[in-house]
Asks: 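The structure that follows is given in the form of structure tokens.
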4 protein chains.
Amino acid sequence: MLNRVILIGRLTRDPELRYTPQGVAVTQFTLAVDRPFTSQGGEREADFIPVVTWRQLAETCANYLRKGRLTAVEGRIQVRNYENNEGKRVYVTEVIADNVRFLESSQSRESGNASGGGDMPEPPAYGGGGRGNSGNSGFSRNNNQDPFSGDGKPIDISDDDLPF
Amino acid sequence: MLNRVILIGRLTRDPELRYTPQGVAVTQFTLAVDRPFTSQGGEREADFIPVVTWRQLAETCANYLRKGRLTAVEGRIQVRNYENNEGKRVYVTEVIADNVRFLESSQSRESGNASGGGDMPEPPAYGGGGRGNSGNSGFSRNNNQDPFSGDGKPIDISDDDLPF
Amino acid sequence: MLNRVILIGRLTRDPELRYTPQGVAVTQFTLAVDRPFTSQGGEREADFIPVVTWRQLAETCANYLRKGRLTAVEGRIQVRNYENNEGKRVYVTEVIADNVRFLESSQSRESGNASGGGDMPEPPAYGGGGRGNSGNSGFSRNNNQDPFSGDGKPIDISDDDLPF
Amino acid sequence: MLNRVILIGRLTRDPELRYTPQGVAVTQFTLAVDRPFTSQGGEREADFIPVVTWRQLAETCANYLRKGRLTAVEGRIQVRNYENNEGKRVYVTEVIADNVRFLESSQSRESGNASGGGDMPEPPAYGGGGRGNSGNSGFSRNNNQDPFSGDGKPIDISDDDLPF
DNA sequence: TTTT
DNA sequence: TTTT
């Protein structure tokens, strides 16, 4: 009935942009979100939370996000499941983001990052990429497939499987 | 840095209350949260999201929640991981709730439910069980162990492992 | 950059549906949200929070919400200001809702309410009215005018003033 | 029943720290939060949302926040009302924050700001000041008084009026 | 393994 | 497999 998540954390790696065979953009990244307390041993721990974005927002994220960048994400929790190669059902929990805010521009940091990156233009004033005046619903409708389980192989879903 | 989740959904079963060997109460249940759109085939789907509560709130949830009951949950996403019996790392994502609201009292429904239940007193005005004036922090601090992986066997963590 | 509100409370009165001169539907209601603690004197207090919905969602709310009904609202805080008849600037804070969930159907309560009401059909499975597959953005874009300040008089804004 | 707000924006001025006569710290500041769309005329508008923090968190905010700083705030909406000097009831809506995150440290910006500021130590790893391991509930319980309405005059509320 |  |  209601499912809303808001996270602020840092990307553990550069985002991964892929396309479904029908050309729908999908970007995945993981946010490291520090826990609000220290563990028994006094170390600060973090949760590593997978985030998925679709379409226009996916391309904006792929263009402007980089490893280590502080980022805010708004979306919903999605729990998918699939049968793995040993016939076991595997559950995957991800945050499907419909709004992403870039809290650090490229020049506000030392600007060195693992992926090189090079020419990084300024992010758009509104990074949400989809909500607002764009005429796009800005609401990543669904994705009950796993575009990342293939590990680099082409994704064999058709646009008919995509609920938008 | 920030990690907040709000869900409204229905319990898929009665909640499960357990105790750590040191007597700390832990309650687990799963919320079925309808997705805000229908799938390709036109069926309404749901996400099944595991929720964990600790201490006083765990006992309140075990007392007042039942299968099918409409419930609001506020908390944070936690991602644990452990090595399973085949030596493979398994990731478990749960919502650690620090606030739970009972949106249906027992008499507001047909009152029949799988678990029988019988004498169900009215829930407290404030179901959060922990926040507020109770002198309790109301913030489920941590739980990096998996009290449910043992499937009924005693939970072998000590209170020293609990960060509260 | 990010502005998100989630409320669960009860309507203090029946919702008020109006139309701009251009025929855009606007519904206003107030949610009474109990505070999570009692006051000094031990009384339970509440915040009375004004909520505004636009367009399709406005009509759905006007159709299905009634005084006393438990309701969840998702949206953003908006602060408008205008000059009153004494030339003083007045600030008005409202929640502009883009998602509303009806947590009580008409038959789940005594069904008597101040406004009479009468024939109340079941709410749609998805009360959000706008998000999802409807092709509507579901995101109430703006409203920097005050459709309620006229107190019953026609609202003199043109559709050109509406940012959608 | 549930009342949660999450904001990301920039301080419009330096925060104002005051103390009740009984020595309870209260800090007030306003966040400018850009709207996710542009107005009719194409200008980007913002909501100016007043935020209040209490006790330990108030002192941390006063120490580490400055005008212009990007800041995340988590809390609840509170609506107070009081009678003004003309006998009219005035409604004041504020976000009572229980968690504040400093998204920009002093060195990550040009470090020039209107208030001078000077020696600004690094913020604590956890800016929430209250939640977590501190033994403090971290939940700003109430404040039904208006510590800012006096405009600089001493605040005439007693600790008995404070619900904590 | 799933709720209405 | 993880970020600062």
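Each chain gets a letter, A, B and so on, in the order its sequence line appears, and its residues count up from 1.
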Asks: Could you state the CZ-C1' distance from B:R35 to E:dT3, rounded to the nearest angstrom?
Replies: 14 Å
Asks: Side chain of B:T30 only, heavy atoms from C-beta on: which candidate in F:dT4, E:dT2, E:dT4 is closest?
Replies: E:dT2
Asks: Of the nucleotides F:dT1, E:dT3, F:dT3, which has the atom closest to the A:A46 side chain?
Replies: F:dT3
Asks: Output the rounded distance in Å from CG (B:L70) to P (E:dT2).
Replies: 20 Å
Asks: For A:R4, is there an ion pair with C:E74 - N to carboxylate O distance below 4.0 angstrom?
Replies: yes
Asks: Rounded to the Å, how far apart are A:D47 CG and F:dT2 P?
Replies: 14 Å
Asks: Does a donor on one side chain and an acceptor on the other come within less than 3.5 Å for A:Y64 and A:E59?
Replies: no
Asks: Atom CZ of A:R10 and atom C1' of F:dT3: how far apart are they, to the nearest Å?
Replies: 7 Å
Asks: For the side chain of B:R101 and the backbone of D:M1, is there at least one donor-acceptor N/O pair under 3.5 Å apart?
Replies: yes
Asks: Side chain of B:R13 only, please: which of F:dT2, E:dT1, E:dT3 is the nearest?
Replies: E:dT1
Asks: Between atom CD in B:E104 and atom P in E:dT4, what is the gap in whole Å?
Replies: 10 Å
Asks: Contact class for B:R89 vs. all strands (heavy atom < 4.0 Å): base, sugar-phosphate, or nothing?
Replies: sugar-phosphate
Asks: Looking at B:E94 and B:R80, is any side-chain nitrogen of the basic one under 4.0 Å from a carboxylate oxygen of the acidic one?
Replies: yes
Asks: Can you measure A:E45 atom CD to F:dT2 atom C1' for me and round it to whole angstrom units?
Replies: 13 Å
Asks: Which whole-number value in Å describes the distance from B:D34 CG to E:dT2 C1'?
Replies: 12 Å
Asks: In this structure, how many angstroms lie between the C1' atom of F:dT2 and the CG atom of B:N81, rounded?
Replies: 11 Å
Asks: Classify the nucleic acid contact of A:Y91 as base, sugar-phosphate or nothing, counting any heavy atom under 4.0 Å across all strands shown.
Replies: base
